[in-house]
Amino acid sequence: MSRIEHAEVFVASPARNFVTLRITTADGVTGHGDATLNGRELAVASYLRDHVVPLLIGRDAARIEDTWQYLYRGAYWRRGPVTMTAIAAVDTALWDIKGKVAGLPVYQLLGGRCRDGVLVYGHASGSDVPSLLDDVARFREAGYRAVRAQAAVPGVGGTYGVRKGAIYEPAAASLPDEQPWDTEAYLRFAPTYLRAVRERYGFDFHLLHDVHHRLTPVEAARFGKTVEEAQLFWMEDPTPVENQESFRLIRQHTTTPIAVGEVLNSIWDVHHLITEQLIDYVRTSVVHAGGITHLRRIFDLAALYGIRTGSHGATDLSPVALAAAVHLDLAVPNFGIQEYMEHAPETMEVFRCGVTLADGLLNPGDAPGLGVDYDEKLAARFPYNPRYLPVARRLDGSVHDW
Ligand code: EZ4
Ligand code: CO
């Protein structure tokens, strides 16, 4: 038996903030887990340092499921992004350790490969339609088989998903940026650029779009219907997800596939969406939905209903979360697609990660465990940098979903 000897929480900002858990066993084996919750990082760091690490010391590192149950049920207070991200970090680190102890990559422990590689989509965006079209071409030339398209709504500043520099980063190093939102302008404009992408480049690649919770159910139904001719792979988060039943209305009006789940944290948060077949892709992630153990449980439930996976994978999920996602994506039968954004060079220097991209597919490599190392000495040169995600306001000044 290999006992957990210590566990450390690192908070650093190599290009952006990441919270990373490292667990070390008495035999000197280390495992890493991502614990990053964008804009609320220190809450998870404290949950781990102050409440979870003392429970880990002396535990058998091999008992992954038992540790998950102990942390989940043992807290009494359940679910929610802070709790589930903290449990996820422990779970991911223990899978990493189990792989290293076995001398096997984690996907082998999960049942082995179901596919040759993990299909990803890249994020094309533009400040107008011509620049979006150029960006789509850039991804196609780089070998991507699937591209998400987002463009700034004319006359409305701050539309979700438009990259300013080389790396997309919506969180501001200040109080939250307040961005205006005009639903009617978006509903008029977004279908025109999705159509323009298809007119220019045809249909032999997957096209995706993220609505980012901005519409009401009936607006989302209208949007889905309007864009049917663009044959989207999915429209993502068409409406806020708290009311799972509201997706039935969207479903009744359009065949545009629906993807939901990046802000959800547990199987109970998606269970109605799945069992009522109200969505097509479940977007819960390793880091925000309880780790590999719990995400596998969600994916298995989804498989019963013909729903495929499409995990969240923006740059605020660290390379540890990306590697864990790729191992799981490789091993589940109902994999759909994986979101992928390139990390900044500073991030990749701190997290040395074996995941590679070729021909639009990711592969995790065959190193034992997750295949990611964390250089804490280098990380210490990038201190935590408090940042907030933006807040959206309607034209009348009232708060909207960002
Ligand atoms: O806005 O991860 O599909 N991807 C997304 C992301 C989220 C960020 C929030 O931290 O919606 O870009
Ligand atoms: Co999204």
Side-chain angles (χ1 to χ4, degrees), residues 13 15-19 34-44 81-82 84-85 88 120-125 139 144 146-152 158-165 167-173 176-177 179 181 186 190 206-215 220 223 232-241 247 257-265 269-270 273 279-289 309-322 325 336-344 347 385-392 400-402:
S13 187
R16 69 164 340 285
N17 292 316
F18 294 109
V19 180
D34 183 18
T36 310
L37 186 62
N38 202 4
R40 297 291 186 271
E41 296 86 3
L42 300 185
V44 185
V82 175
M84 297 306 278
T85 301
V120 296
Y121 66 93
H123 282 212
S125 71
F139 280 94
Y144 283 80
V147 183
R148 188 186 91 162
Q150 312 286 141
T159 314
Y160 164 78
V162 180
R163 197 178 60 243
K164 291 193 188 80
I167 302 292
Y168 174 68
E169 179 52 72
D177 191 15
Q179 302 179 345
W181 175 248
Y186 168 79
H206 298 303
L207 179 61
L208 298 81
H209 178 70
D210 191 348
V211 180
H212 218 257
H213 329 270
R214 298 291 174 95
L215 301 175
F223 179 80
L232 295 186
F233 187 88
W234 75 37
M235 65 170 167
E236 178 178 331
D237 290 329
T239 197
V241 69
F247 284 80
I258 301 169
V260 172
E262 68 183 50
V263 299
L264 299 179
N265 318 112
D269 302 335
V270 289
L273 290 170
I279 59 171
D280 301 278
Y281 295 91
V282 61
R283 278 182 48 73
T284 40
S285 67
V286 166
V287 51
H288 299 136
T309 75
S311 283
H312 186 207
T315 31
D316 49 293
L317 284 70
S318 91
V320 178
L322 174 71
I337 201 165
Q338 172 67 48
E339 182 178 23
Y340 174 66
M341 293 169 84
E342 237 176 282
H343 281 288
T347 304
N385 174 18
R387 283 174 172 267
Y388 286 95
L389 284 169
V391 172
H400 194 68
D401 297 279
W402 176 70

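Only this structure's heavy atoms are used, side chains among them; waters, hydrogens and symmetry mates stay out. Quick caveat: nothing in here was measured; it's all calculated off a predicted structure. First listed ligand is number 1; within each ligand, the first listed atom is number 1.
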Heavy atom of the protein closest to [atom] (residue, atom name, distance):
atom	answer
atom 8 (C) of ligand 1	D316 OD1, 3.4 Å
atom 5 (C) of ligand 1	Y160 OH, 2.9 Å
atom 4 (N) of ligand 1	E339 OE2, 3.0 Å
atom 3 (O) of ligand 1	E236 OE2, 2.8 Å
atom 11 (O) of ligand 1	E262 OE2, 2.7 Å

- prompt: Does any non-hydrogen side-chain atom of D210 lie less than 4.5 Å from one of R148?
  reply: yes
task: Decide yes or no on side chain to side chain contact (heavy atoms under 4.5 Å, CB included) for V263 and H213, but give the supporting numbers first.
output: CA-CA 10 Å; V263 299; H213 329 270; 4.1 Å; yes
- prompt: What is the OD2(D210)-the Co ion (ligand 2)-OE1(E262) angle, to the nearest 10 degrees?
  reply: 170°
N or O pair under 3.5 Å between H312 and ligand 1: yes
Min N/O separation H212 to ligand 1 under 3.5 Å: yes
- request: Check whether any heavy atom of M341 sits under 4.0 Å from an atom of ligand 1.
  value: no
By number and element, which atoms of ligand 1 are closer than 4.0 Å to a non-hydrogen atom of [X]?
X	result
N38	10 (O)
R283	3 (O), 4 (N)
Y168	12 (O)
D210	3 (O), 4 (N), 5 (C), 11 (O)
A314	2 (O), 6 (C), 12 (O)
W402	1 (O)

Could you tell me which non-hydrogen atom of [X] sits nearest to which non-hydrogen atom of [Y], and how far apart they are?
X	Y	value
G161	S125	O-CB, 3.3 Å
V147	F139	CG2-CB, 3.9 Å
N385	S13	CB-OG, 3.8 Å

- prompt: Counting only heavy atoms, which portion of L389 has something under 4.0 Å from ligand 1: side chain, backbone, both, or neither?
  reply: side chain
message: Below a 4.0 angstrom heavy-atom separation, can you tell me which part of R148, side chain or backbone, both or neither, approaches ligand 1?
response: side chain
query: Salt bridge between D316 and R16, side-chain N to carboxylate O under 4.0 Å?
result: no
task: Kindly determine whether V241 and F247 satisfy side chain to side chain contact (heavy atoms under 4.5 Å, CB included), including the steps that lead there.
output: CA-CA 8 Å; V241 69; F247 284 80; 4.0 Å; yes
- request: Among H288, H312, E236, find the residue that satisfies the side-chain hydrogen bond (donor to acceptor under 3.5 Å, both in side chains) test when tested with R283.
  value: E236
- prompt: Step by step, would you call Y388 with R40 a side chain to side chain contact (heavy atoms under 4.5 Å, CB included)?
  reply: CA-CA 8 Å; Y388 286 95; R40 297 291 186 271; 3.7 Å; yes
task: Mind telling me whether Y186 and H209 have parallel, tilted or perpendicular rings, with 30° and 60° as the class edges?
output: parallel
- prompt: With respect to the Co ion (ligand 2), what is the nearest N, O or S atom of E236?
  reply: OE2
- prompt: For the residue pair W402 and H212, is the inter-centroid distance of their aromatic rings smaller than 6.0 Å?
  reply: yes
